[in-house]
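What you see below is based on every heavy atom in this structure, not just the backbone, and it leaves out hydrogens, waters and symmetry mates. Whatever order the structure lists them in is the order used to number ligands and atoms, beginning at 1.
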Amino acid sequence: MFAHNLLKTARAKHFNLKSFHTSIVTSFDVELTQVRYSNLKRGKYSSITDKHISFFESILSKSRVLTDAADVESYNVDWLKTVRGASKAVLKPKTTEEVSAILRYCNENVLAVCPQGGNTGLVGGSVPVFDEIVLSTALMNEVISINKTSGVLVCQAGCILENLEAKVAEQGLMMPLDLGAKGSCHIGGNISTNAGGIRLLRYGSLHGSVLGVEAVKADGTVVDCLSTLKKDNTGYHLKHLFLGSEGTLGVVTKAAIQCPPKPQAVNVAFLALDSFENVLATFRLARSCLGEILSSFEFMDCDSLMAAVTRLKLQCPVPEDTPFSLLIETSGGNSEHDEAKLSLFLDEATNKGYINDGTLASEPSRIKNLWDLREGITQSLSCDGYVYKYDISLPIEHFYDIVDIMKERLKGTPYIKCCGYGHVGDGNLHLNITAPSFDRNLLNLIEPFVYEWTSKHRGSVSAEHGIGFKKTGVVHFSKSGEALKLMAQIKAIMDPKGILNPYKVLPGDPH
Ligand code: FAD
Ligand code: 2HG
Ligand code: ZN
């Protein structure tokens, strides 16, 4: 029988992404990007003047144009506190028409713009590199409609994911994506990064569940692809251009999203395993035993889990020296049916010797406590100082190899932790290496080695976080020269003056 090592309820603790991390390093401690990456050249953009500010104030009102250095600062620094721009202005439109007027003006005056949602991106894409104007979607937060029958939500781009989750739940629906940053990230940011998250295994990528988008091109043209239809094969599927283009092709202003029904029964098992081989065996078994009710299959190694346990002071549901842990979630329409399936799976996994220990939760607060352990890892690791983050897709059989290889490679260096966690079900590993502070020698030991290794194993150098600012130099490890050329051509058509999020995604100098 499966060992129901009952969880002594972990402390219910809802961490706030913004305040938690801000308390460790302040924005002003972060080195300016233009200093840290001193070989970068500012593009030939105009610098913002009082005349430009007056124009923005005339269309937005004074209160929605921030120019005071103290007000602007948090928009200049990324969530990880690893890059810092020097923007002098933040614009906060409320409508598509205002976004259009801003971009038309910026395009005519060759002013560079950095679109920003919740600023939770992990690749430095959401903050300026030099003095780009920040266009924040924070006030574009209206839910336009929710159709209970079709399950289609239409909303503005600045809606916070967690708020949308609560809104659609009132209609018996759920959002098709979920991620640790849900309390801060915007749906427009999710679309622009093509965010993956913890339920992609079940509900697929946003390329499937985003039915339509409205976006504004660099010259201010509003592109209305806000279809709410499931089927629409009328020519090129333009909406996909905005999914994952990280603000370089247009500003997403509205979206139509297919929301699945909210499941009636959710169960979470948190399991202890002693080898990665057993992780893979458990995954195979879960797929065959749990089938359609499997909604997450998340993995963390000992250092990742213990970072969350110690930093967030959470109860550890498995022995503290457990080499590997899994969080497996099922969701479906019938609790008896789901529990019976889960029980069978757990018994079989125990009998086969795949799992050693674990706990099971079906009550919402206990489920949340278990998820907090997994979702709190990113924040906890940041407490060490600087985090070198790698978000890679790999063939499943090589999923964990790089963590051990990297530990060996970094012996004798000042790194603190080298750990791996992520979405096994999607073949997506988060390799994180922490150190007291940014160290170029350490970086040079990790890169380009980690990318070469990933490429050699036919993996992707960015599974779900995107390219942003930090990965432009390595995108060629996962994209052919021809593909990169086509990307540059598309950029030139959509944004000929290169004003939208320069220095991001595409390798090479901006326009
Ligand atoms: P921002 O960070 O503000 O922006 C991200 C990029 O999108 C930038 O390039 C920006 O210019 C662009 N952008 C933003 N809004 C728009 C818009 N309206 N139009 C055009 N461009 C725009 N990511 C995952 O994929 N899976 C995870 O599981 C996951 N977990 C996370 C957990 C934590 C604790 C944190 C801090 C981050 C996590 N992330 C994850 C990364 C991040 O949350 C996602 O990339 C998210 O989608 C970013 O949304 P945002 O609103 O914060 O966008
Ligand atoms: C997650 O899955 C996020 O928790 C963040 O994608 C991963 O911080 C990371 O490396
Ligand atoms: Zn992830």
Only distances under 3.5 Å count here; give the side-chain donor-acceptor pairs of residues 102-113 to other protein atoms, sequence neighbours excluded, each with its distance to 0.1 Å.
unit_1, atom_1, unit_2, atom_2, d
R104, NH2, S100, OG, 3.1
N109, ND2, Y105, O, 2.8

Looking at ligand 1, would [X] count as a contact under a 4.0 Å heavy-atom criterion?
X: C114; value: no
X: G197; value: yes
X: Q379; value: no
X: G466; value: no
X: K504; value: no
X: N119; value: yes

Would K182 and E162 pass as an ion pair if we require N to O under 4.0 Å?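 No.
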Side chain to side chain donor-acceptor pair (under 3.5 Å) partner of K417, the single match among D384, D301, T434, N432: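 Filter result, single survivor: D384.
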Give every pair formed by an N or O atom of ligand 2 and a protein N or O atom closer than 3.5 Å, one pair per line with both atom names and the distance to 0.1 Å, or write none.
unit_1, atom_1, unit_2, atom_2, d
ligand 2, 2 (O), R374, NH2, 2.7
ligand 2, 2 (O), H423, NE2, 3.0
ligand 2, 2 (O), H430, NE2, 3.1
ligand 2, 4 (O), R374, NH1, 3.0
ligand 2, 4 (O), R374, NH2, 3.3
ligand 2, 6 (O), H430, NE2, 3.0
ligand 2, 6 (O), E464, OE2, 2.9
ligand 2, 6 (O), H465, NE2, 2.7
ligand 2, 8 (O), T378, OG1, 2.8
ligand 2, 8 (O), K389, NZ, 2.6
ligand 2, 8 (O), Y421, OH, 2.9
ligand 2, 10 (O), K389, NZ, 3.3
ligand 2, 10 (O), Y421, OH, 3.2
ligand 2, 10 (O), N432, ND2, 3.0

Using 30° and 60° as the class limits, which term best fits the ring planes of [X] and [Y]: parallel, tilted or perpendicular?
X: F477; Y: Y451; result: parallel
X: H240; Y: H237; result: parallel
X: F276; Y: Y400; result: parallel
X: H430; Y: H465; result: parallel

Pair R202-E329, salt bridge (Lys or Arg N to Asp or Glu O under 4.0 Å): steps then yes or no: CA-CA 10 Å; R202 169 76 166 271; E329 185 192 75; over 6 Å; no
Going by distance alone, is a donor N or O of one side chain under 3.5 Å from an acceptor N or O of the other, for [X] and [Y]?
X: H423; Y: E464; value: yes
X: N428; Y: D391; value: yes
X: E298; Y: W371; value: no
X: S209; Y: Q258; value: no

Are the side chain of E165 and the backbone N or O of L161 linked by a donor-acceptor pair below 3.5 Å?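 It does not hold such a pair.
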Please determine whether side-chain contact (heavy atoms from CB on, under 4.5 Å) holds for the pair I416 and I433, giving the CA-CA distance in whole Å, both sets of side-chain angles, and the decisive distance to 0.1 Å. CA-CA 7 Å; I416 300 172; I433 297 156; over 6 Å; no
Testing L211, V152, I187, I146 one by one against I257 for a side chain to side chain contact (heavy atoms under 4.5 Å, CB included), which residue passes?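 Testing I257 for a side chain to side chain contact (heavy atoms under 4.5 Å, CB included) against L211, V152, I187, I146 leaves exactly one candidate, I187.
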Derivation and outcome, side-chain contact (heavy atoms from CB on, under 4.5 Å), residues V129 and L40: CA-CA 9 Å; V129 173; L40 270 179; 3.6 Å; yes
Candidate list F283, F270, F324, test ring-ring contact (aromatic ring centres under 6.0 Å, His included), partner F299, passing option: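 Of the listed options, the one satisfying the test is F324.
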Return all protein N, O or S atoms below 2.8 Å from the Zn ion (ligand 3), chain by chain in residue order.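 Under 2.8 Å from the Zn ion (ligand 3) - ignoring waters, which are not counted - the protein N, O or S atoms are H423 NE2, H430 NE2, E464 OE2.
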Could you tell me, atom by atom, which parts of ligand 1 come under 4.0 Å of a heavy atom of [X]?
X: V251; value: 19 (N), 20 (C)
X: T193; value: 5 (C), 6 (C), 7 (O), 45 (O), 46 (C), 47 (O)
X: E246; value: 9 (O), 11 (O), 12 (C)
X: A195; value: 25 (O), 47 (O)
X: G250; value: 20 (C)
X: T137; value: 18 (N)
X: G247; value: 20 (C), 21 (N)
X: N501; value: 9 (O), 11 (O)

So, using ring pair (Phe, Tyr, Trp, His ring centres under 6.0 Å) as the criterion, who are the partners of H476 when residues are at least two apart?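 Applying ring pair (Phe, Tyr, Trp, His ring centres under 6.0 Å) to H476 gives none.
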N/O of [X] under 3.5 Å from N/O of ligand 1, yes or no?
X: H186; answer: yes
X: D178; answer: no
X: C185; answer: no
X: G196; answer: yes
X: T120; answer: yes

Answer yes if the ring centres of Y386 and Y388 are under 6.0 angstrom apart, and no otherwise.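 Close enough - the centres of the two rings lie under 6.0 Å apart.
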Ignoring hydrogens, just give me the one of V252, L177, T248 whose non-hydrogen atom is nearest atom 18 (N) of ligand 1.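 Result: the heavy atom closest to atom 18 (N) of ligand 1 is in V252.
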Give the single entry among P128, G117, S192 that approaches atom 3 (O) of ligand 1 most closely by any heavy atom.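 Of the listed residues, G117 has the closest heavy atom.
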If you draw the axis of the six-membered ring of F449, does the NZ or CZ of R409 fall within 45° of it and under 6.0 Å from the ring centre?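 Cation-pi check for R409 and F449: passes.
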